[in-house]
Structures are given as C-alpha cells and as structure tokens.
There are 2 protein chains.
Amino acid sequence: MVNIRLSVNKRIISTTVLFWRENQTYIADLCRSFAMGPKRKSEEGNGTPKKAKVCADIPDVTKIDFSCEAKTKDGKKWNMKFSSWNINGIRAWCEKNGHSYITAESPDILCLQETKCEKNKIPRDVEIEGYHRYWLSGDKEGYSGTGLYSKVKPIEVKYGLGIEKHDKEGRVITAEYEKFYMVTAYVPNAGRGLPRLGYRHDEWDPDFTAYLKELDKKKPVIMCGDLNVAHKEIDLANPKSNKKSAGFTPEEREGMTNLLSEGFVDSFRELYPEEKGAYSFWTFMGNARAKNVGWRLDYFIISERLKPNLCDNVIRKDVFGSDHCPITLFMNL
Amino acid sequence: MVNIRLSVNKRIISTTVLFWRENQTYIADLCRSFAMGPKRKSEEGNGTPKKAKVCADIPDVTKIDFSCEAKTKDGKKWNMKFSSWNINGIRAWCEKNGHSYITAESPDILCLQETKCEKNKIPRDVEIEGYHRYWLSGDKEGYSGTGLYSKVKPIEVKYGLGIEKHDKEGRVITAEYEKFYMVTAYVPNAGRGLPRLGYRHDEWDPDFTAYLKELDKKKPVIMCGDLNVAHKEIDLANPKSNKKSAGFTPEEREGMTNLLSEGFVDSFRELYPEEKGAYSFWTFMGNARAKNVGWRLDYFIISERLKPNLCDNVIRKDVFGSDHCPITLFMNL
DNA sequence: CGTGCGAAG
DNA sequence: CTTCACACG
C-alpha cells in the first residue's frame, strides 16, 4: 500500500491510497486524468509539456484519527483544542494541500509559524470556513511571519511585543479571549554559525519572557509555536553532536529554563516526562524524518495555574507538508 | 497516445509512450516502480515522501526521425551536420534528459547557448562519447555561457571576440576547422524595457560583425546561435505588437541586416523565403509553444561563398527541454 | 513561466 | 534539502 498525491502544473488533482494489484485500472485512470491535463478545457493547450508532481507515502490527512478521549487529572473531558504548526512557507504548504489539516483536525485555535508571506499574497485556498484569520508578516519579504486561525472571534488581537527592535520580523501574535491569552511565536533562529545567538539570548529571550509574565498577570497564558530550542537532551535525536548547533546551545536552553522558571509549564513534557523520540521537526536533509532524527522545537507553554485544565498534548507526526509537524493541545477551560 | 517522462527525486527513471487501454498494466508497473523508490536499496528510507516529476506530451527524442535526404543545388548530398540549441540552463536541461538529443541527432558539431553554468559545475551526464567538449562561461554566476561539442577535434578553439568589454559574459566560441570557422554566439538580450539596446546596437553588433568579417577573410564562416533578434515580420508570430520589444526593435533588426549585407546569408530564409510559423523560441508564458506563438531567434548564418554547399536547415520544433528548440544545418563541405 | 542564485533554516 | 526573493529572459 502506498499513498500518492498527484498534482499537475502545481494544481493537486488527486490524493489517494493505492493498493497494488487491485488498482491497476484506477492507476491508469489517474495517469490518464493527469496526462490529459486539468479538467478546465480552457487550460488545455495540446502538445505542451504538463508537469506533474507525485508524492508517494504521504498519509492522507483526512484518514488520520484525530479523536482524543483525554481528561484532566480530576477527570474532566477536554473542551478546547489548540494546534500549532511551523508550515515553512504558506504558499508551498498550500500547494501541498497542507491546509486540509485544518478541516481534519478542526482545532478551536490554530497557530502557524513561518508563513513567509505578506498578507496580500496569501493564497485564497487557506480561507477555511468557520475561522477568523489573523496574519502578521515582517519587513523582510518571504521571511518569518505568523498566523492565527480562530473559530471564536478573539476580544482583541495584538501584533508583536510592543518593542520595536523585536517587531520587524512578524514573529508574535497575541489573541485575547475571555479566559486566557493565546500567544503564538516564531522565535528567532540563532542561525548557522550562531550569528544571532547573542540577540536571541540577551535580547529576545528576556523580553519575550517578560512579555508573557506581564500577560500572565491579567489572564492565564497559552503560548505556542516554534521556539527554536530543544530544551533537554531528550528533546532531540543527537544531543551530543549538537551542543554547538542553533537550537541546542547552552544559551538557548537556558532561555527556555528561565521562561519555565517564571511560572510556565512545557505541557508535553509535563504529561510525558520520559517520552523519547518525540520530535516536531526533522531537517529535510538525509532522510531525517524517515529515520526520526528530529528535534522537539514546537511547544505549548501554559501558565502554571492552567495545569489542572491540561488534558493532553499530542505531536501529529503523521501530518506532512513542512519540515515541522503540527502539535495539538487539549484543554478543559 | 501520450508521452510520459517520470523521474523520482530528480532521477529520471522512465521515458515512454503510453497507449491508453492497452497499457494499464504497464502504467501500474511504472507507478509501482516509482512509488517503491529508485532501484538502489541504499537510497530507500521507508516512509519518506518521494517526489516524482512527470511530464506528459513530451515526444521521445529517440523516436524522432532526424534523417535528411537534402542535397546542394547541384545535387551533392550533405556530409556535415551542425546543430545549435539555446538550452536555458544546462543543469535543468540535463535533468530533463535534454542531452539525449545529442545522440539522437548526432551532429558533427553541436553548439549550445545559455548554459548558465561554470565549467566545473557542468553535470557529468552531458559527457557524450565521441565528442570533444568546449565550455565558456562569464563572470556572472548562472548567467549566459556557451558550449561546443565536436566529433572532430578542431584545429584551434578561441573564446570571446578578443575585445574585453564583450568578453565577460561567455558569449562566443570560435572553433577553427580545416575548411571553415565555426562560431557560436549568444547575442546580448536588449532586456525588458530595452536597457541594453544601446550596447547591443552601438557596440556589440558592429564589433561582432567585424569579427566575423575578419574570420571570413581567412576561411568561410558558419556562425550559429541565439542571435536574440527576429529579423523580419515573418520571423515572429506577433510583429505588430512587438516593435518595441527586445528582439524586434528596428535597431536590432538593422544590426542583423547589416551583418547579412557584409557577405553573410541567413541559411534558413535562403532556403525557405516564404515559410511562415517557423520559430525556434516560444516564451514559457501563456502556453505560447502549444499555440506556436513564437520567434525565430536562432540562426545558422553562413559566408556567402558557402551557399553552393548548403543542403538544408531544419528547425527541430518537436525537441523539448528548453524554451528554444534546436536547429540543424546540413552542408556538403 | 522557468532558470539559476543566494539567504535562510 | 527546501523555502522564498531576485535577476534575467
């Protein structure tokens, strides 16, 4: 059995599971439909090379079981679902049908990082019915950028930290709800050769932590996103060889420890303190994802006083479309 | 019937013609072979998305009839075959198996333009047995560049015009043979908004023409390449709307007229003075090639005294792999 | 529309 | 290895 996604001239025309032997006719149809071009007659143009992309072994997101029976420690069932995903370019993600995940998972709030796209260039296909959408991009074209989908309209949405030096890269969106603040962040990567480690450790980390502390004074905080750090050795496949790599330097790990010491909880590690091999990012290089040579860089960080409301935190490692996979938090609020 | 070329992870695994109905089993095999990944076990990595590119409606170059019975005016059969092709990036061209054209056509000399590649980055796959290869690239990475394949080793190969201001972009290769000079050129494009029209008309065109005249004093010249001009209205699909477009300005057309007035012949137009719709370039935009909305930008220009040796000049419009197609000249020499 | 590049991850 | 931007065509 193998999964195939077929797109012609960048338009996905089929996603399906093929069982060999039984499906030769089906495969022929699939190929014919692609070879003849997209359905719209106007686009035909006989004789032109039509380029199709086929991806094999991509699980169909609509067939994944996203149900969850998790409860709080005192037995209350979850009533709010949050998801977070670094999508590595919303335009590429959209072409790969990444947004079909939204309907399949159907979270109350979905946070996206690395949209790499200005608001007015965001493809229309990502407008999913039933969600309000909020987008933030920075000064640099095609770099960074975050987004937030919400079933319920937030009381207020704020962009950035309110600190100029941090707010040029479209990294933080804060949405205020009745009972909590939702914050999504795409934390600055220290970079190859660690050129931005100083900025990250000395400027960003303290200011971002202070920002969350400030919010936490008013309402409990649910913060999520790509924090660009694997906190402990258990959070990446190769801790030994990565002590000087962006995402696992002592400085970055310390920043995360500091954050947690200020009254916040890493919800995944809280629930699964011993779980190994739980990663949310795999480099595209060297087939890392297939070998699960990954990093846990994506988190739901919650205010300590939300611990009694915590039901579950799941890593959706079977969802493709980016070098990160989505993560989902279940809460009773 | 449809032509399919299938490559997995950038490695072409199959090029074939599919006849619907008869070939369902074959298609199934094709898909299985791709879905299971390339043959080499070491590359496998189960569970990873494998990306395949499929191109439909690409004629198989090995099935094209390149034979030619043409003779000179006084009835002598051709004994030398020359081809020229602007390949729009030798690396992309190679991935598309563009070089299979060389074996299929088997010209004595093949000239390439727009290789867009430094000598040491040229893929090994283009090393075709039986040919000497000569490469020229300019200062700017991934820009311009020319190449020459020759079955017979030339007496001498020279690069550029010997004029510094013209020789930084890898545009001209001259190969001296016993009976003639072979010159291939990628003439500077005037550019969108015609920023380089002045350079092209006032500097390049006169110097290049003078260069050819100089060679012509010693031996007859066969010059070919992308001259980046459609000479007359008959040489492009939309002359009316392109009078101010690069490639059809009065200045560029005049440059070509000047060249021909200095004792050179446009071999194609010499043979087919009335033939319309004979183009060698089609923009990728708007399905231009399928509609034959093209330009004749590629030429074999020969010394007037070679006219008695001219057998034929054919435009290989069924050969894909670039936004230009190859052209082939048959001579009795 | 498609090439190659370079920055970034 | 993949994204996007940009230059160039």
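Residue numbers start from 1 in every chain, and the chains themselves are labelled A, B, ... in the order their sequence lines are given, proteins ahead of strands.
- A salt bridge links B:Lys121 with B:Glu141; the closest basic N to acidic carboxylate O contact falls under 4.0 Å.
- Look at CZ on A:Arg289: it is 13 Å from C1' on D:dT2, rounded to the nearest Å.
- Distance CD1 (A:Ile87) to P (C:dG9): 16 Å, rounded to an integer number of Å.
- Atom CG of B:Asn228 is separated from atom P of D:dG9 by 8 Å (rounded to the nearest Å).
- Summarising the geometry, the separation between CZ on A:Phe284 and P on D:dT2 is reported as 6 Å, rounded to the nearest angstrom.
- In this structure, CD of A:Glu114 is placed 17 Å from P of C:dA7, rounded to the nearest angstrom.
- Here D:dT3 is the nucleotide among C:dG9, D:dT3, C:dC1 with the atom lying nearest to any side-chain atom of A:Lys116.
- Toward the 5' end of DNA chain D, the nearer of the two residues B:Tyr186 and A:Gly89, judged by each one's closest nucleotide, is A:Gly89.
- Using a 4.0 Å heavy-atom distance criterion, A:Arg91 is classed as a sugar-phosphate-only contact.
- A sub-4.0 Å separation between OP1 or OP2 of D:dC8 and a side-chain N or O of B:Lys140 is present.
- Between the CG atom of B:Asn189 and the P atom of D:dC8 there is a distance of 11 Å, rounded to whole Å.
- In the set D:dG9, D:dA5, C:dT3, D:dA5 carries the atom at the smallest distance from any side-chain atom of A:Glu141.
- Contact between the side-chain N/O atoms of A:Tyr143 and the OP1/OP2 oxygens of C:dG9 is found at a separation under 4.0 Å.
- When rounded to the nearest whole Å, the span between CG of B:Asn88 and P of D:dA7 equals 18 Å.
- Between B:Arg200 and B:Glu251 there is no salt bridge, since no side-chain nitrogen of the basic residue lies less than 4.0 Å from a carboxylate oxygen of the acidic one.
- Atom-to-atom, CG of B:Asp139 to P of C:dG4 comes out at 19 Å; the value is rounded to the nearest Å.
- Environment of NZ in B:Lys243: crowded, with over 12 heavy atoms of neighbouring residues, nucleotides or ligands closer than 6.0 Å.
- Not one side-chain nitrogen or oxygen of B:Lys121 sits closer than 4.0 Å to the OP1 or OP2 atom of C:dG4.
- Using a 4.0 Å cut-off between charged side-chain N and carboxylate O, A:Lys140 and A:Glu118 make no salt bridge.
- Looking at heavy-atom distances under 4.0 Å, B:Phe281 makes no contact with the nucleic acid at all.
- Among the nucleotides D:dG9, C:dT3, D:dT3, the one closest to any side-chain atom of A:Ala92 is D:dT3.
- Seen from the ring of B:Phe320, B:Arg289 counts as a face-on cation partner, given the 6.0 Å and 45° thresholds.
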